[in-house]
S.K.: 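This is the structure I want to talk about, given as structure tokens.
Order of the sequence lines fixes the chain letters, A, B, ..., with proteins taken first and strands second; residue numbering starts at 1 for each chain.
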4 protein chains.
Amino acid sequence: MSEMQQAHGLAADAISTNGIPGEELRVYIERIERLEEEKATLGQDIRDLYLEAKGNGFDPKVMKEIIKLRKKDPDEVDEEDAILHLYKQALGMLNPPSIQ
Amino acid sequence: MSEMQQAHGLAADAISTNGIPGEELRVYIERIERLEEEKATLGQDIRDLYLEAKGNGFDPKVMKEIIKLRKKDPDEVDEEDAILHLYKQALGMLNPPSIQ
Amino acid sequence: MSEMQQAHGLAADAISTNGIPGEELRVYIERIERLEEEKATLGQDIRDLYLEAKGNGFDPKVMKEIIKLRKKDPDEVDEEDAILHLYKQALGMLNPPSIQ
Amino acid sequence: MSEMQQAHGLAADAISTNGIPGEELRVYIERIERLEEEKATLGQDIRDLYLEAKGNGFDPKVMKEIIKLRKKDPDEVDEEDAILHLYKQALGMLNPPSIQ
DNA sequence: CCGTAATTAACAAAAC
DNA sequence: GTTTTGTTAATTACGG
């Protein structure tokens, strides 16, 4: 068996005249296209949900921030917040203590 | 009925002490997180498929190019190719005619 | 200087045989390439600075966060922080009051 | 000399009460902000040039493609084009030979 | 060197 | 309509 046939794991008649196993390639392409379509649908669903939430008085931008925070380890978040706070102090970026 | 209750369409007892209808917000957040999870799973599936194709001798980068082309209107593609070719000519970027 | 102009003795019109004014196009391309080169150099300088700061004990990620905050209007930042805080309250995401 | 002073290479009086050498941090931040500003200016200049070229009849999208090609090794470009052509053949995506 | 993470550029969508 | 904003894709840099 030739190297190319071994590489692609296909019978000889699945190989196009140019040496590319077109059927195998087509199957990969179509499976990926199908998955990307589903992914795009979910993206649209998510966008719709944010719009609906916005219509009900919620702030999508802040919702996204919440979701981002919930994905992270709380300890990591606290740690990073602490460093950020130190840097703000060192740079005089903090609001007056009365509103902390 | 208060303005906020009207805006959010919720019964009084669904409103947190801070004025945010927490349950409604939580439901939105959790629905979005669920959809994002499914979306991420599909993204992983697509990556896996590219890896499998690569293992079988295909070039993922070129596959992506193919998929991008298939999404476009063929006439658009031809049109843009034609302009690109003109620009290459004008800039002397073309290979010798023998291999065109 | 354009080869084509020399070859064809074209002057003001500078139009290639394919109808594209190659000299004008080339000038645009080269000006853009020059600017992109300078832009890339600055990007490298910035990366070097972050590395140097990291070597001196600073956290580049937090520095980036600081820089992002300094670009925004402080009132906007405070406003958004306030909403974020309300949402966290409503979702029970706040740490115990003792460490607020 | 304390560990922190060594790490930051600063005299004791440059250290804020919270342990962060604020002056050193501020200098880094401001240098980076300056460089980013210059970088943004170049980005705007590039955008302006594309707009001007567009106003003179050139296609910015194709110009970008040209610039991308000129950055790459020509052999790489040819190689990838060849694979793309093979895949198109194998998938029946080629135009009739008469217009190749 | 490979996979991962982060930056950047391209594209699409939505606000004004 | 255009102009910004947000999302997605791709390149690049980094660490294992």
S.K.: For residues B/Glu65 and B/Lys61, determine if any side-chain heavy atom of one lies less than 4.5 Å from a side-chain heavy atom of the other.
M.R.: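 Contact flag for B/Glu65/B/Lys61 side chains = no.
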
S.K.: Going by heavy atoms in the side chains, are C/Ile29 and C/Glu33 under 4.5 Å from each other?
M.R.: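 Yes, close enough: below the 4.5 Å cut-off.
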
S.K.: When B/Arg34 is tested against each of B/Glu37, B/Glu30, B/Glu38 for salt bridge (Lys or Arg N to Asp or Glu O under 4.0 Å), which residue passes?
M.R.: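 In the set B/Glu37, B/Glu30, B/Glu38, the residue that makes a salt bridge (Lys or Arg N to Asp or Glu O under 4.0 Å) with B/Arg34 is B/Glu38.
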
S.K.: Atom CG of B/Asp48 and atom C1' of E/dG3: how far apart are they, to the nearest Å?
M.R.: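 Nearest whole value for this atom pair: 13 Å.
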
S.K.: To the nearest Å, how far apart are D/Leu42 CG and E/dT8 P?
M.R.: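 Answer to the nearest Å: 13 Å.
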
S.K.: When all nucleic acid strands are considered with a 4.0 Å heavy-atom cut-off, which category describes D/Lys68: base, sugar-phosphate, or nothing?
M.R.: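 Here D/Lys68 touches no strand at all.
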
S.K.: Return the value, rounded to whole Å, for the distance between atom OH of B/Tyr50 and atom C1' of E/dT4.
M.R.: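 Result: 19 Å.
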
S.K.: Given atom CD of A/Glu33 and atom C1' of F/dA9, what is their separation to the nearest angstrom?
M.R.: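 Between C1' of F/dA9 and CD of A/Glu33: 16 Å.
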
S.K.: Hey, which of these two, A/Gln44 or C/Gly43, hits DNA chain E nearer its 5' end, going by closest nucleotide?
M.R.: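 Checking each residue's closest nucleotide, the 5'-ward one belongs to C/Gly43.
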
S.K.: May I ask you to say what A/Lys54 touches in the nucleic acid, namely base, sugar-phosphate or nothing, with a heavy-atom cut-off under 4.0 Å?
M.R.: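 A/Lys54: backbone/sugar contact only, no base atoms under 4.0 Å.
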
S.K.: Just to be sure I understand the rule, does B/Lys39 reach a base, reach only the sugar-phosphate, or reach nothing, if contact means heavy atoms closer than 4.0 Å?
M.R.: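 Sugar-phosphate: the residue B/Lys39, judged by heavy atoms under 4.0 Å, touches backbone atoms but no base.
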
S.K.: For D/Ile46 and E/dA9, what is the distance between atoms CD1 and P respectively, to the nearest whole Å?
M.R.: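 In whole Å, E/dA9 P and D/Ile46 CD1 are 8 Å from each other.
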
S.K.: Pick the closest DNA chain E nucleotide for B/Leu51 and for D/Lys64 by heavy atoms, then say which residue is nearer the 5' end.
M.R.: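 The residue mapped nearer the 5' terminus is B/Leu51.
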
S.K.: Rounded to the Å, how far apart are A/Arg47 CZ and E/dA12 P?
M.R.: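 Going from CZ in A/Arg47 over to P in E/dA12 covers 11 Å.
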
S.K.: Begin with the C-alpha distance, continue with both residues' side-chain angles, and end with the deciding distance and a verdict on salt bridge (charged side-chain N to carboxylate O under 4.0 Å, His left out) for A/Glu36 and A/Lys39.
M.R.: CA-CA 5 Å; A/Glu36 284 189 349; A/Lys39 188 157 161 269; over 6 Å; no

S.K.: So if I take every side-chain heavy atom of A/Lys61 and compare against F/dG6, E/dA10, F/dA13, which nucleotide ends up nearest?
M.R.: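 Of the candidates, F/dG6 comes closest.
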
S.K.: Rounded to the nearest angstrom, tell me the gap between atom NZ in B/Lys72 and atom P in E/dC11.
M.R.: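 Rounded to the whole Å, the gap is 7 Å.
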
S.K.: So do the side chains of C/Glu52 and C/Leu49 get within less than 4.5 Å of each other, counting heavy atoms only?
M.R.: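 Yes; the side chains approach each other to less than 4.5 Å.
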
S.K.: Provide, to the nearest angstrom, the distance between the CD atom belonging to C/Glu36 and the P atom belonging to E/dT8.
M.R.: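 One finds 13 Å between P of E/dT8 and CD of C/Glu36, rounded.
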
